[in-house]
Number of protein chains: 2
Amino acid sequence: MSKMPTVKDVAEYAGVSVGTVSRVLSGETAVKPMLREKVNGAISALGYRPNVTARALRTSRTDVIGLVVPDITNPFFAQLAASVERAALECGHSLMLASSHNDRAAEQSHVSAFLDRSVRGIIVVASSDGSGLHLEAAVPIISLDRRFGTFPLVSTNHAQAAALIADHLYGLGHRHIAYIAGPLDTEAGRMRQEGFVSQIDRFGRTGERVELEIAYGRFDYESGERIARDLLSRPPQDRPTAVAAASDQQAIGALRAARDLKIDVPRKLSVTGFDDISLANLVVPRLTTIRQPADTLARRAVGLLLEEPPGREDEMVDGSLIVRGSSGPPAQPKADIAGHRN
Amino acid sequence: MSKMPTVKDVAEYAGVSVGTVSRVLSGETAVKPMLREKVNGAISALGYRPNVTARALRTSRTDVIGLVVPDITNPFFAQLAASVERAALECGHSLMLASSHNDRAAEQSHVSAFLDRSVRGIIVVASSDGSGLHLEAAVPIISLDRRFGTFPLVSTNHAQAAALIADHLYGLGHRHIAYIAGPLDTEAGRMRQEGFVSQIDRFGRTGERVELEIAYGRFDYESGERIARDLLSRPPQDRPTAVAAASDQQAIGALRAARDLKIDVPRKLSVTGFDDISLANLVVPRLTTIRQPADTLARRAVGLLLEEPPGREDEMVDGSLIVRGSSGPPAQPKADIAGHRN
DNA sequence: CTGAAAGCGCTTACAG
DNA sequence: CTGAAAGCGCTTACAG
C-alpha cells in the first residue's frame, strides 16, 4: 500500500495551493466554484482522506468523545454506551470508550488519557460519589446517570421514578414492603431510595400505615439475590409482600431467590426493578420496572457537551413505569395470617 | 487553566535541548544521568504531559487499539470488549470501541474511521461473513470470534466446544435432540452447528440412532424463544428431550418458552447454551453451557496485533463444558409414551 | 552523548 | 477569493 495522499498532493493535482484545498475541505469559506470542483475532482481521483491527527494537532480539537462507564458488562451501561455512540455518530463524532471497573483510580487515569489526546469532550458515568472532584480540564465534561465531580449531570429523575414504583405498589395494596437500595455512595442509589421512601412515608401519613424495611447492597445480581434470600427466609407472615429493588439486576437476583424459596411471584410476592434493561422483559415473570430513556439521556449528554458554550445546567429526564408480570396485589389480608402462625 | 507545557518549556526549564527532553521521554537512548535527572525534575515541576497527538503525527503511530463489535449490548460482546480493554491496558494501549449494530456499512465506516486516526491496530468481531474483504490497511487487523475479511482469527474452537455439548447430551441418554443454530452467514454459527451435528452423527453411526432436528435463527433471546416455542408446542411424545442452542441468549429464550409451556427443565427437557455469559449462572435453572475464555481470547488478539511483525496465523482456544442445572437425563424411554397418544 | 534543524499534515491569520 | 508562510508539539536523522 503506497503512502496516503496529502493536501499537498491534492493541491498539485488540482493546480491550486494547499490553503485552497484546506478551504474546500472545511466547506466554510467561499471558494470559486471552478476551483472547488477541481479540488473535489483531485480528492476523489487520489482517494484523499484528511489526516485526522494532523488536523487535531493544528486545531487542538478532535471529533472524538470520550466515555467512561463503571462497567461495560453491566447491561444498563452497555445500553447507555450504545446510545451515546449513536448520539455521537449523529453529530459526526466518534466514541472512545473506557470501563473503570468501578475503580476510582482507573476512572481518573482514563479521564487523563482522554485529556491527553485532546478529545472533543468527555462523558463520564461516575464510579462513585466524590470521584472527579477538583478536576480542571481543557475540554467540557458531562456527568451521565451518576454525578462525576461537580460537572453537569444528565440523568433520569431517579426520585420521581422511584416514587412511581411506590405509587404502584401501594396502589396494589402492599403494606409491608422491602426496599433493596443501591450503594449510598452513588447519587443514583440515594435518590432512588429517597424518592421511594419519602413517597411511602407520605402514604403512611395520609393513608394506611406501611411497614417498610430497607436493605443496602450493590447494584448487581448477586447483591439482590443475597439480600432477598435473607428477607424471604422468614415465616410467610413476617415476610414483606413486595420487594422493590434499586436496579433490575438486583430485582432479577431477588426473583431467583424467590424461586429457590418456592415463593410464587407475583401471587405471594411482588418484585420490581429499575432501569428496564432488555433482560427485564425476558425473565420469568417479566419484570415490572422503571424505564430509563437511554437514548434521550445520551442525546442530551452529547448535546450539552457539544453546545457552545458547553451546557452548565443539570438535566433531568423523567422515567416511566413499565408494569409487567412480576407485580400484583398481595396474597391475602394480614388478618388471615395470624391463625396460621406456628 | 493555563496552556499545557510542551517539550520546549521543559527544555528551557531544565537547560537542555528539546531533543534531549524527547530522548529521556522515550527512555530508549542513553542520556547522561545528570541531564536525565534535570529533565525529570522539570517534567514534574511543570506537570508536563506529552502531547499524544503531536507524537502520533510525527511517528504515525498511536497507542490506541480500535475494536469493532457487532453489538455492545450483547452480553458476550460486552464481556469480550471488557477483556480486550483490559488486555490493551496491560500493554499500555487504550481502546477505542465502536459498535456496528450488525450493519456492514457501519462496520466498514468504523474501520475506516480507525484507519483515519492511525490507530495502532484494529480488532474486529465481524458482523457477518464476507465483510471486510479486499480491505488493505496500513495497520494490522485481527479478527476476533468471527472472521473479518481474510484477517487472522482468534476464536474459541467452536466445533470442538460444540462437540462437548453433543457428548454431554448423548451421554445423558438423549436420543431426540433439537439444535438451534446461529446465522449460517457467520463462521461461528456454522462451526458450532457442524461440530455439534458431526459429533451426533458419529454417535448415530457407532451407537444408538439419534433423531436430530435443526432450526435456524439469530443469536438473540427472541430468536431462541420463538424457535423453542415452535419446537415445544407439539405433543410430548413428538418433542425433543433436549434443546441445544448456539448461544446462551437463544438458550435463555428457550428456557422462557419452556416455562411458558409448563415444560419442566431439566426433568422434561434439557437446555444448553454456548458462551457462558454471566447471566447463564443466574437464570432458573442455571444454564449448562460452553465457557468461552474471553480473557484468553482478548489477550491473544492483542498479542497478535502488537507482535512485530503482526501475527498472521489463526489461533484457536478450546472452550470448556460447564454443567449446571438445565441439563439432565431424559424423562422416560420413548416406549412409555406410545400409550398416551391421543 | 547532545544540539540544531527538518518535517509529520494540516489550518489560518496575513497580504494581496 | 487565493497563495505563501508560519506553526501546532513532537521525534529523529545528522553533525559534532
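All chains are named by letter (A, B, ...) in the order of the sequence lines, taking the proteins before the strands, and each is independently numbered beginning at 1.
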### Query
Expressed as a whole number of Å, how far does the P atom of dA5(D) sit from that of dC1(D)?
23 Å
### Summary
Across every strand shown, the nucleotide meeting Watson-Crick or G-U wobble geometry with dA13(D) (both distances under 3.5 Å) is none
### Task
Write down the distance between CG (Leu46(B)) and C1' (dG9(D)), rounded to a whole number of angstrom.
15 Å
### Query
Side chains of Leu304(A) and Glu315(A): closer than 4.5 Å at any heavy-atom pair?
yes
### Query
When you match Val52(A) and Val16(B) each to their closest nucleotide on DNA chain C, which lands nearer the 5' end?
Val16(B)
### Task
Can you tell me the distance, in whole Å, between the CE atom of Met4(A) and the P atom of dG9(C)?
10 Å
### Residue Lys32(A), side-chain atoms from C-beta onward, closest of dA13(C), dG9(C), dC1(D)
dC1(D)
### Task
Give none if dA4(D) has no partner; otherwise give the nucleotide forming a Watson-Crick or G-U wobble pair with it, both distances under 3.5 Å.
none
### Task
Let me know the distance between CG of Asp116(A) and C1' of dC10(D), rounded to the nearest Å.
14 Å
### Query
Quick one: is dG3(D) close enough that its OP1 or OP2 comes under 4.0 Å of any side-chain N or O from Thr20(A)?
yes
### Message
Taking atom CD as the centre, does Glu37(B) end up with more than 12 heavy-atom neighbours from other residues, nucleotides or ligands that are less than 6.0 angstrom away?
### Response
no
### Task
Select base, sugar-phosphate, or nothing to describe what Thr6(B) touches, counting heavy atoms under 4.0 Å on all strands.
sugar-phosphate
### Task
Go through the side-chain N and O atoms of Ser83(B) and Asp295(B) and say whether any donor and acceptor fall under 3.5 Å apart.
yes
### Query
Tell me: NZ of Lys38(A) to C1' of dC1(D), nearest whole Å?
14 Å
### Query
Can we say Arg190(B) and Asp185(B) salt-bridge, meaning some charged N sits less than 4.0 Å from an Asp/Glu carboxylate O?
no
### Message
If I take atom CG in residue Leu25(A) and atom C1' in nucleotide dG9(C), what distance separates them, rounded to the nearest angstrom?
### Response
11 Å
### Message
Testing the 3.5 Å rule here: is there a donor-acceptor pair between the side chains of Glu107(A) and Ser131(A)?
### Response
yes
## Note on the structure
When rounded to whole Å, the CZ to P distance for the pair Arg23(B) and dC10(D) reads 15 Å
### Message
Let's see if you can work this out: which of dT2(D), dG9(C), dT12(D) has an atom nearest to the side-chain heavy atoms of Asn51(A)?
### Response
dG9(C)
### Query
Start at the 5' end of DNA chain D and walk down; is the nucleotide closest to Val18(A) or to Leu35(A) reached first?
Leu35(A)
### Query
Where the side chain of Leu57(A) is defined as all heavy atoms beyond and including C-beta, which of dT2(D), dA4(C), dG9(C) is the nearest nucleotide?
dG9(C)
### Task
Measure the distance from CG on Asp63(A) to C1' on dC10(C) and round it to the nearest whole Å.
14 Å
### Query
Please give, in whole Å, the distance from dG9(D) C1' to Arg55(A) CZ?
18 Å
